[in-house]
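Here's the structure, in structure tokens; my notes come after.
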Amino acid sequence: MNIDSSIREIKGIGTKTEELFRNAGVYTVGDILLYFPRDYERYPKPVAPAEAVADRKNAIVAKLRQKPVLIPGSRLNMVTAEIGSDDLRFRLSWFRSPFVRSLLKPGKTYIFYGIVRQKKQMFTMDQPEIFEPEKYEAVSATLQPVYPLSGGLNNHLIQRTVQTCLKEMALTLEYLPEELRTRNHLCEYNFAIENIHFPQDEESCIAARNRLVFDEFLFFILSMRFGREQSAQFETDYRIKDHDFTDHILRKLPYQLTDAQLRAFEDIKKDMKSGCAMQRLIQGDVGSGKTIVAFLAMFHAAHQGYQAALMAPTDVLARQHYEKLTALCREQHLSFPVVLLTGSLSARQKREAFEMLASSSGALIVGTHALIQEKPEYKNLALVITDEQHRFGVKQRETFSKKGMHPHILVMSATPIPRTLAIILYGDLDISVIDQVPARRLPIKNCVVDTGFRQKAYTFILKEIQAGHQAYVICPFVEASETLEGENVLDYSAQLKQLFGAQCTVGCLHGKMKPDEKNEIMEAFLKNEIQVLVSTTVVEVGVDVPNATVIMIENAERFGLAQLHQLRGRVGRGSAQSYCIMIDGSGNKKQNKRLEILNKTNDGFEIASQDLKLRGPGDFFGIRQSGEFSFRLADIFQDSDLLKKAAYEAGLVIKEDHQLEQECNFKLKKRLEAYKKDFSRQLNL
Ligand SMILES: Nc1ncnc2c1ncn2[C@@H]1O[C@H](COP(=O)(O)OP(=O)(O)OP(=O)(O)O)[C@@H](O)[C@H]1O
């Protein structure tokens with residue numbers, strides 16, 4: 001077995017489990033080794049059934065009363081067992097795990113670990129982990145990995161699989177040159193992989209994480225620098241002369257652009273007339289007004305007969321941009337063709353879109369990565385704008401270069417990063433910063449409260465709705481989970497519907513819905529046909545409904561502060577006073593302190609740096625600040641020192657061995673290629 005072997009070769013993995021892993025993007029042994037825990041936990045001291053606390057994870061030590069039974073006819077092959085006493089009954093259930101029947105012996109004492117729920121007179125635990133007391137003692141002495149779970153995978157299964165791989169594979173995976181590794185005080189790769197999954201102690205865990213974070217940064221920077229070499233400073237035929245067409249648009253807008261917006265637009269115009277392909281990043285905090293700058297750039301190109309495309313990370317956002325552009329053209333009597341291309345269009349709609357792209361001069365094009373993934377032919381595509389997600393931009397530039405096209409490229413980002421880091425991470429782009437928010441915006445009023453405040457919050461939301469406004473309610477999960485504590489969109493929206501009755505319409509939105517359904521809900525929210533939208537973080541990036549004035553975030557403690565800042569940025573986008581209610585479901589003082597940071601400032605950069613100061617050395621993983629770069633482990637804020645080191649080393653490697661051809665860099669080169677491939681796969685490219 002080696003890292004390229006299929007996971008089917010791992011002992012104990014059959015077709016069904018293989019399918020579960022595949023759904024989570026795990027195909028090979030290498031993939032499973034890189035399927036890192038999202039956190040660690042220490043198992044708590046076991047308690048007797050009478051001391052269990054409902055709605056929390058408990059380790060309960062108890063004698064099994066009878067032999068477990070398989071519930072006949074249950075679709076999920078449910079096995080149940082009982083512990084406790086006649087006065088205090090606990091029912092334990094396992095799904096799809098018939099083997100539990102032969103595992104558990106009546107009369108024997110076990111420790112069951114999982115979330116306890118109370119249903120009337122009965123306590124229940126779904127899918128608890130089972131331990132014999134001696135085993136539990138050993139396990140609770142060490143840090144246990146907690147893996148990200150998706151569809152059907154459970155923590156125990158992942159742990160077992162990783163353990164098998166580590167045991168059966170002789171790991172000889174080191175690829176960093178020895179000198180580089182020791183110079184940066186990095187542990188060996190094998191040690192890192194073993195200890196990131198099963199740390200010997202906290203120190204080893206930190207050493208392992210540091211090594212892997214360094215590698216992530218190194219590969220990111222190396223692949224970007226090689227990328228730049230391929231696309232460096234292309235001359236372009238799309239030389240867009242100065243003209244004043246956009247001034248007419250600006251005059252008819254209902255607001256004036258801020259100086260920062262105007263400066264960014266000037267930078268863009270200068271680049272587009274230079275004769276070299278623009279490669280520029282517009283960085284601006286949430287709600288700073290990046291979209292209109294992007295639209296102006298599109299009009300600037302389209303007026304000269306060139307096509308301009310805006311590529312959004314999600315279908316919902318693409319549609320939102322499309323609607324806005326269409327409305328702007330209608331209001332200002334502009335006759336540019338506006339084309340939408342997303343994966344969710346019907347075959348006929350796609351065909352029509354392709355025809356337009358191939359034939360329409362001056363078209364304004366909006367889409368998702370269908371714009372590069374499928375086969376559209378463009379007619380003089382002079383400008384490509386990517387909304388968020390920088391890495392998307394790197395790959396996309398390569399795709400266009402391969403087709404022999406060198407359009408101007410504009411990338412937009414709301415991640416507030418200091419300039420030194422921005423230069424490393426966006427090393428291949430020039431940067432314009434929109435560092436002002438539109439005037440006449442009232443600062444958002446915030447509060448951090450516990451779940452006891454909910455009723456008041458609902459009354460407040462209804463009052464806002466009666467005043468004609470709308471509200472978001474954010475929950476961390478889509479549906480109820482056997483293992484995760486926190487609110488979920490499906491149950492929550494059903495409860496709110498019941499509670500609010502005819503007073504308003506409640507809608508729900510989450511990532512598991514089909515694109516069409518999502519679009520329908522978003523459109524209804526935009527038209528104020530839905531007043532309360534209960535949603536997961538799918539609304540986090542870029543959704544713009546200025547009439548929404550309240551955002552209530554359940555289990556706010558589960559989100560990174562930067563993510564909360566993005567979520568909060570969904571309100572306060574119009575002239576009305578807006579409110580952000582963060583419900584802290586943790587009952588933990590430290591969390592509360594973290595959330596208080598958001599109370600004090602609306603400045604994204606300040607928030608990120610304050611969050612860091614609050615983290616203690618035991619916070620191995622913290623909560624990721626930004627998903628924009630989609631690193632597995634690394635966090636650009638928390639790990640900025642490692643980022644700088646990796647940038648320095650990447651610079652040296654490239655300077656000394658441009659093509660990575662020296663023997664000491666062979667393994668590194670091979671690994672870099674695998675990284676790039678893996679990356680393309682993640683992005684579906
Ligand atoms: N100069 C301005 N004055 C007043 N309102 C503005 C101005 N510029 C943009 N807006 C409005 O502010 C809202 C937010 O703008 P926009 O959606 O462009 O923000 P953004 O920077 O893209 O934010 P996000 O990062 O959250 O997507 C929009 O409703 C937009 O119409």
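These numbers come from the heavy atoms of this one structure, side chains and all, not from hydrogens, waters or symmetry mates. Counting starts at 1 for both ligands and their atoms, following the listed order.
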Numbered atoms and elements of ligand 1 in range of Pro546, under 4.0 angstrom, heavy atoms: 29 (O)
Atoms of ligand 1, numbered as shown, that sit under 4.0 Å from any heavy atom of Thr291: 16 (P), 17 (O), 18 (O), 22 (O)
Any N/O pair Gly289/ligand 1 closer than 3.5 Å: yes
Derivation of the salt bridge (Lys or Arg N to Asp or Glu O under 4.0 Å) call for Lys269 and Asp242: CA-CA 7 Å; Lys269 286 199 285 191; Asp242 279 335; 5.7 Å; no
Whether Gly287 lies under 4.0 Å from ligand 1, heavy atom: yes
Mutual orientation of the aromatic rings belonging to Tyr238 and Tyr306 [parallel < 30°, tilted 30-60°, perpendicular > 60°]: perpendicular
Basic-acidic side-chain contact under 4.0 Å: Arg570, Asp544: no
Gln261, portion touching ligand 1 at heavy-atom distance under 4.0 Å: side chain
Contact atoms of ligand 1, heavy-atom distance to Gln256 under 4.0 Å: 1 (N), 2 (C), 3 (N)
Distance-only donor-acceptor check, side chains Asn488 and His510, under 3.5 Å: no
Ligand 1 versus Asp544: contacting region, heavy-atom distance under 4.0 Å: side chain
Side-chain donor-acceptor contact under 3.5 Å, Glu323 with Thr326: no
Arg570: numbered ligand 1 atoms lying under 4.0 Å from its heavy atoms: 26 (O)
Pair Asn555-Glu557, side-chain donor/acceptor within less than 3.5 Å: yes
Close N or O approach (Gln566, ligand 1; < 3.5 Å): no
Side chains of Leu310 and Ile365 in contact at under 4.5 Å (non-hydrogen atoms): no
